[in-house]
Amino acid sequence: MKTLDRLRQGLLRNRAWDLTRPDLSLELNTSHGTLLYLEDISVSFDGFRAIDGLNLYIDAGELRCIIGPNGAGKTTMMDIITGKTRPDTGTAWFGQTIDLLRLSEPEIASVGIGRKFQKPSVFEPLTVFENLELAMAADKRVWPTLRARITPEQRTRIEEVLETIGLQEHRTRRAGALSHGQKQWLEIGMLLMQAPHLLLVDEPVAGMTHQEMDRTAELLTSLAGKHSVVVVEHDMDFVRSIANKVTVLHQGRVLAEGTMDEVQNDPRVIEVYLGGEDVHGPMA
Amino acid sequence: MRLEALHLDRGGRIFLALLAVTTLLVPILNLAVPADSPLHVSTYTVTLLGKYLTYALLAVAVDLVWGYLGILSLGHGAFFALGGYAMGMYLMLQIGDRGVYGNPDLPDFMVFLNWHELPWFWHGFDMFWFAALMVILVPGTLAFVFGWLTFRSRVTGVYLSIITQALTYALMLAFFRNEMGFGGNNGLTDFKDLLGFDLQSDATRIGLFIASALALAGGYLACRYLVNSKLGRVAVAIRDAESRTRFIGYRVEQVKLWIFTFSAVLAGIAGALYVPQVGIINPGEFSPLNSIEIVVWVAIGGRATLYGAVLGALLVNYGKTYLTGVMPDAWLFALGGLFVLVTLFLPQGIAGLMRRKEVQA
């Protein structure tokens, strides 16, 4: 199968030189300070260009917010990073050495990219503790999983994360019985258990109360530095409260990038968010 | 085997205790108690119980993949039948020259078809160890290849169920053909002895009954161990949110493949124990209806409990034996009705009813 895959890759115009590249590397190297390189990525679904020549760079330890109107390609971008969708063209590198487009979803998870979905998707019949245990970075092949026993260090690690997400008292509760906000935090906790270098967080505060939102903001900002965090969010107040750098996506490409204030005063952004087809801003 | 796996499993402890008591009592009541005593258990009943126990093992195998992994296999009867055929082939070759045609090398049906030598795939089945190995390898390999192809293409849900159904149907058609070399529609029968023991003797019947009970207990404990392990929790995660499990780094296809294969092996062992007790194996065992019936046992007993599957298999089969004796035409209606009732009023099955009581208490 490997050979066939190689062959198929060799037939793609933009990947013709893969054969000459050294073998797959899974060693993360971010010595240039950049964790994620997305370059010239395009993907279409039935003729609709969901992503159109996207370029995006995420620094190590950065907290980046990505905003954009519906259909701007935010979720598709996450799908590409996590291997769910393969782009038609372009390259995606994790650090300088790992080519994401050559890895499967579990492989991408194991090199250190964790993803939180829009809808909270915890494993409902399992307890909070078990949810975290499953997500924990470990040898996830079949036989080691069958033989796995929790070591004291792993238990400590789970306790730490339980504390970070504030669910210590709920450890033996079924995840399905948690409130919406608690499920979201549990899911962030599951991301943390994977010890990822990059966390992709899709709409973390959708449906949350104000107090829950504040806690989530605290949680995410405390994670930056140790991890790179990419947050996709609609709620502008929330974005303002956590982000120092914001990327605006529109029609599958980057429209603007900068601090929240810069972005909000960018006439192109104003047009996209406020104007329709009939309103023409100062920009061509 | 770790027995600690049982300490949270009350239903399982009760079941294993009952199984142990039955396994001890039945041989005594059959062999030591005189036939005219009301306590005497007839050999017919022993064989019937032994047959039920192999069905129970089959149900446990189905519960493992359906209840915990979410794969609704409507083709587990195929693995059961393949295990049965492997055992049947050994038993056929043990007949030797005691067959109707008295040919020492060829089973009767081959003589009847004018064959002059044993087909290549029958070689080795005169040795018990080889046949026992095949009981495990044949269903296991089929499940592995089938699973590898389907899981890797991410075929799930009802589509997978339909394919498993097609698998067992195709095998049934194939085994019906005389040219396949498995006895055509008559199958394999007229067995004489197993490992030198006369299959008609009471002692052999008891031995097979005990072997079935041990296989059921062993299969149950193995499944319980698996379900209680971290892999068991991964299986539940896959059942409820497959793509999410993939994103936290588990190789979903591999997990499914190995558990499915293991389940098929259990089904094969059940089939191998079934055949010497009922004395025949024919292509009817591959019938899609059989596989669906197994699923009904599990549904009635209660999914994702393991002991519920045992309970369902025993109750439904007892009902079947009873009803087909009293009014043979009513059985399929009764089975269908039972399934509908359980689905409507007891979605967790009978085991769920017991669990609900436990929660209330």
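Throughout, protein chains are lettered first and strands after them, A, B, ... in sequence-line order, and every chain is numbered starting at 1.
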Asker: Between B:Phe144 and B:Phe260, does the ring centre distance come in under 6.0 Å?
Answerer: no
Asker: Quick one: what part of B:Thr245 sits under 4.5 Å from any heavy atom of chain A, side chain, backbone, both or neither?
Answerer: both
Asker: Please state whether the side chain, the backbone, both or neither of A:Glu105 comes within less than 4.5 Å of a heavy atom of chain B.
Answerer: both
Asker: For a quick check under 3.5 Å, do A:Ser110 and A:Glu107 share a side-chain donor-acceptor pair by atom type?
Answerer: no
Asker: Which answer fits B:Val255, side chain, backbone, both or neither, if we ask what part of it has an atom under 4.5 Å from a heavy atom of chain A?
Answerer: both
Asker: Measuring heavy-atom distances to chain B, does A:Met193 have an atom under 4.5 Å in its side chain, in its backbone, in both, or in neither?
Answerer: neither
Asker: Do NZ/NE/NH1/NH2 and the carboxylate oxygens of B:Arg251 and B:Glu253 come within less than 4.0 Å?
Answerer: no
Asker: Check each atom of A:Leu146 against the heavy atoms of chain B and say whether the ones under 4.5 Å are side chain, backbone, both or neither.
Answerer: both
Asker: Counting only non-hydrogen atoms closer than 4.5 Å, does A:Glu124 touch chain B with its backbone (N, CA, C, O), its side chain (CB onward), both, or neither?
Answerer: neither
Asker: Checking A:Arg115 against A:Thr82: is there a side-chain donor and acceptor pair closer than 3.5 Å?
Answerer: yes
Asker: Kindly indicate, with the supporting measurements, whether the criterion ring pair (Phe, Tyr, Trp, His ring centres under 6.0 Å) is fulfilled by A:His170 and A:Phe129.
Answerer: CA-CA 8 Å; A:His170 302 286; A:Phe129 189 91; over 10 Å; no
Asker: Quick one: of B:Leu231, B:Val252, B:Val236, B:Val234, who has the most non-hydrogen atom pairs under 4.5 Å with chain A?
Answerer: B:Leu231
Asker: Please identify, among B:Gln254, B:Arg233, B:Arg246, the residue contributing the most non-hydrogen atom pairs under 4.5 Å to chain A.
Answerer: B:Arg233
Asker: With under 30° as parallel and over 60° as perpendicular, where do the rings of A:Phe94 and A:His197 fit, or are they tilted in between?
Answerer: tilted
Asker: Which atoms of A:Ala138 are under 4.5 Å from chain B, going by heavy atoms: the side chain, the backbone, both sets, or neither?
Answerer: side chain
Asker: Examine the side chains of A:Asp139 and A:Thr145 and answer whether a donor and an acceptor come within less than 3.5 Å of each other.
Answerer: no
